[in-house]
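What's counted below: heavy atoms across the whole structure, side chains too, no hydrogens, waters or symmetry copies. Keep in mind that what you see is a predicted model, and the values were worked out from it rather than measured.
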Amino acid sequence: MASTVAFTPAVAVAVVGANVQHARRTSSLRPVPRARPVAARASAERDGAAAVVQARSGRTIEECEADAVAGKFPAAPPPTRPQAPSGTPEIRPLDMAKRPRRNRRSPALRAAFQETSITPANLVLPLFIHEGEEDTPIGAMPGCFRLGWRHGLLEEVYKSRDVGVNSFVLFPKVPDGLKTQTGDEAYNDNGLVPRTIRLLKDKYPDIVIYTDVALDPYSSDGHDGIVREDGVIMNDETVHQLCKQAVSQARAGADVVSPSDMMDGRVGAIRAALDAEGFHDVSIMSYTAKYASSFYGPFREALDSNPRFGDKKTYQMNPANYREALIETAADEAEGADILLVKPGLPYLDIIRLLRDNSALPIAAYQVSGEYSMIKAGGVLKMVDEEKVMMESLLCLRRAGADIILTYFARQAANVLCGTKRP
């Protein structure tokens with residue numbers, strides 16, 4: 001029968017010592033490989049570190065290991081309490097079971113419990129395009145340009161993809177000579193937008209291209225629909241034109257068509273028109289809650305699309321209305337929308353949350369030109385930290401419930417998220 005030996009700390013020390021001696025004896029019998037300079041340096045650094053440990057404790061590493069095996073550890077240093085400033089009142093601590101600040105006391109804890117995150121995949125970059133070769137700065141939107149569709153556009157998409165932004169929405173600056181009251185240029189298969197889609201898809205087939213479905217860039221009246229002689233925007237006739245526009249964009253290769261016109265019934269009609277032409281896989285992102293907002297000013301300068309008369313209050317929503325967004329949500333869902341969008345973004349966080357709580361569809365938010373320009377202006381005037389306000393604003397849109405955000409900050413924000421500072 002095999003004998004049993006009790007394993008005690010003393011035995012453990014003896015075993016460790018025997019193993020060390022055995023390793024030393026056997027190592028002398030093995031051939032010694034030629035050491036590489038890097039390995040030699042690393043070994044020297046480790047030996048130096050061991051020497052430092054030995055010098056501080058006054059004992060060898062083997063002795064320290066033996067104590068650890070035997071359960072002998074150095075005593076922990078006595079706890080210290082940081083001193084409060086002079087004059088701080090001495091009080092009895094408050095009797096609180098819950099102190100939420102416990103979960104905020106270090107960067108690691110704050111990161112662990114962060115509820116909302118944002119990545120470049122959540123961002124969609126709006127791009128202004130025109131027929132010219134040169135990129136034209138937009139005065140009211142610092143850092144934004146009307147991009148030449150052959151060159152500047154491709155460069156902007158390349159730089160954006162490099163930092164993880166792979167989704168883009170196109171807005172055309174149409175020459176005045178092509179604008180008519182019925183906006184027929186909107187469904188020209190060889191127009192600026194279809195040509196641009198084909199070019200982008202040929203160069204970058206993996207990107208997602210969103211398009212804008214509305215007549216205002218193509219209308220000589222500057223409205224989203226056909227205007228009757230008494231100034232009324234004609235709903236059903238406009239929807240007929242929008243269907244042809246959406247099909248033309250899908251034919252060119254658009255992934256998502258985005259009716260922004262706010263005509264009644266246009267989502268269902270566009271879905272039917274796309275399906276009839278075999279474009280069952282083309283998605284519809286409906287501008288579900290698009291308000292008649294004063295935050296659109298810089299955008300209209302970018303496209304030169306201000307209404308020639310009147311305003312857009314008979315088809316865009318009243319900024320005072322909240323429950324009305326539920327009516328639009330129900331209609332768009334029933335008609336086949338794939339994504340629901342709220343525009344503007346930050347001033348309408350409550351509407352984003354309303355749609356999020358009442359729909360299972362993805363929710364998009366458009367951080368519009370006025371929001372962008374205000375943050376840019378505040379940064380230039382040193383009133384705010386532009387980068388921090390930019391990132392906070394985007395995080396707030398995500399927190400409210402937006403799955404994707406259309407923002408002119410997309411590439412700049414992605415640079416921050418990727419830890420780069422590229423121009």
Side chain to side chain, [X] and [Y], heavy atoms closer than 4.5 Å:
| X | Y | answer |
| --- | --- | --- |
| Ile233 | Val227 | yes |
| Pro344 | Tyr296 | yes |
| Cys144 | Tyr372 | yes |
| Tyr218 | Val193 | yes |
| Ile375 | Phe409 | yes |
| Tyr210 | Ser283 | no |
| Met391 | Leu417 | yes |
| Pro172 | Trp149 | no |

Pair Arg150 + Glu133, salt bridge at N-O below 4.0 Å
yes
Under a 4.0 Å threshold between the charged nitrogen and the carboxylate oxygen, would Lys290 count as salt-bridged to Glu328?
no
Examine distances only and state if a side-chain atom of [X] and a backbone atom of [Y] form a donor-acceptor pair shorter than 3.5 Å.
| X | Y | value |
| --- | --- | --- |
| Arg266 | Pro259 | yes |
| Asn318 | Asn321 | no |
| Thr407 | Gln367 | no |
| Asp202 | Leu199 | no |
| Arg398 | Ser117 | yes |
| Arg146 | Phe128 | no |
| His223 | Phe309 | yes |
| Thr238 | Met234 | yes |
| Asp261 | Met263 | yes |
| Ser393 | Met390 | yes |

Provide the closest heavy-atom pair for [X] versus [Y] in the form atom of the first, atom of the second, distance.
| X | Y | value |
| --- | --- | --- |
| Lys179 | Val174 | CE-O, 3.4 Å |
| Leu123 | Ala413 | CD1-CB, 4.1 Å |
| Ala365 | Leu397 | CB-CD2, 4.2 Å |
| Pro298 | Met141 | CB-CG, 3.6 Å |
| Ala292 | Pro319 | O-CG, 3.5 Å |
| Gly183 | Thr180 | N-OG1, 3.0 Å |

Is the number of heavy atoms from other residues, nucleotides or ligands under 6.0 Å of [X] [atom1] greater than 12?
| X | atom1 | answer |
| --- | --- | --- |
| Asn190 | CG | yes |
| Met383 | CE | no |
| Arg323 | CZ | no |
| Arg101 | CZ | no |
| Glu392 | CD | no |
| Glu324 | CD | yes |

Contact list for residues 356-382, test salt bridge (charged side-chain N to carboxylate O under 4.0 Å, His left out), sequence neighbours left out
Arg353-Asp357, Arg356-Asp403, Lys376-Glu386
Tell me, which pairs form a salt bridge (charged side-chain N to carboxylate O under 4.0 Å, His left out) where one or both residues lie in residues 77-97, sequence neighbours left out?
none
Before you tell me yes or no, could you show the steps for Thr329 and Leu354 under side chain to side chain contact (heavy atoms under 4.5 Å, CB included), namely the whole-Å CA-CA distance, both residues' side-chain angles and the distance that decides it to 0.1 Å?
CA-CA 10 Å; Thr329 299; Leu354 179 67; over 6 Å; no
From [atom1] ([X]) to [atom2] ([Y]), nearest 0.5 Å:
| X | Y | atom1 | atom2 | value |
| --- | --- | --- | --- | --- |
| Arg251 | Leu274 | CZ | CG | 10.0 Å |
| Ile209 | Phe168 | CD1 | CZ | 9.0 Å |
| Leu215 | Ser220 | CG | OG | 10.5 Å |
| Gln245 | Glu185 | CD | CD | 10.5 Å |
| Asn235 | Met262 | CG | CE | 11.0 Å |
| Phe171 | Ser369 | CZ | OG | 10.0 Å |

Are Phe299 and Tyr408 close enough that their ring centers fall under 6.0 Å?
no
Determine, step by step, whether Leu125 and Val157 satisfy the side chain to side chain contact (heavy atoms under 4.5 Å, CB included) criterion, reporting the C-alpha distance in whole Å, the side-chain angles of both residues, the deciding distance to 0.1 Å, and the verdict.
CA-CA 9 Å; Leu125 177 60; Val157 171; over 6 Å; no
Could you walk me through whether Met285 and Val124 pass side chain to side chain contact (heavy atoms under 4.5 Å, CB included), step by step?
CA-CA 13 Å; Met285 179 176 72; Val124 180; over 6 Å; no
Yes or no on salt bridge (charged side-chain N to carboxylate O under 4.0 Å, His left out) for Lys159 and Asp162, after CA distance, side-chain angles and deciding distance?
CA-CA 5 Å; Lys159 290 179 178 179; Asp162 196 39; over 6 Å; no
Take Tyr291 and Ile351 through the test side chain to side chain contact (heavy atoms under 4.5 Å, CB included) and record every step on the way to the result.
CA-CA 11 Å; Tyr291 286 83; Ile351 307 301; 3.3 Å; yes
Face-on cation placement of Lys203 at Tyr158 ring, 6.0 Å and 45° thresholds
no
Under the side chain to side chain contact (heavy atoms under 4.5 Å, CB included) test, residues paired with Ala337 that sit two or more places apart:
Val267, Ser286, Asp332, Leu340
Passing candidate, side chain to side chain contact (heavy atoms under 4.5 Å, CB included) with Lys201, options Asp255, Thr196, Asp206:
Asp255
For Arg228 and Glu237, what are the C-alpha separation, side-chain angles and deciding distance, and is it a salt bridge (charged side-chain N to carboxylate O under 4.0 Å, His left out)?
CA-CA 10 Å; Arg228 207 166 59 190; Glu237 293 79 1; over 6 Å; no
Between Asp212 and Ser258: side-chain donor-acceptor atoms closer than 3.5 Å:
no
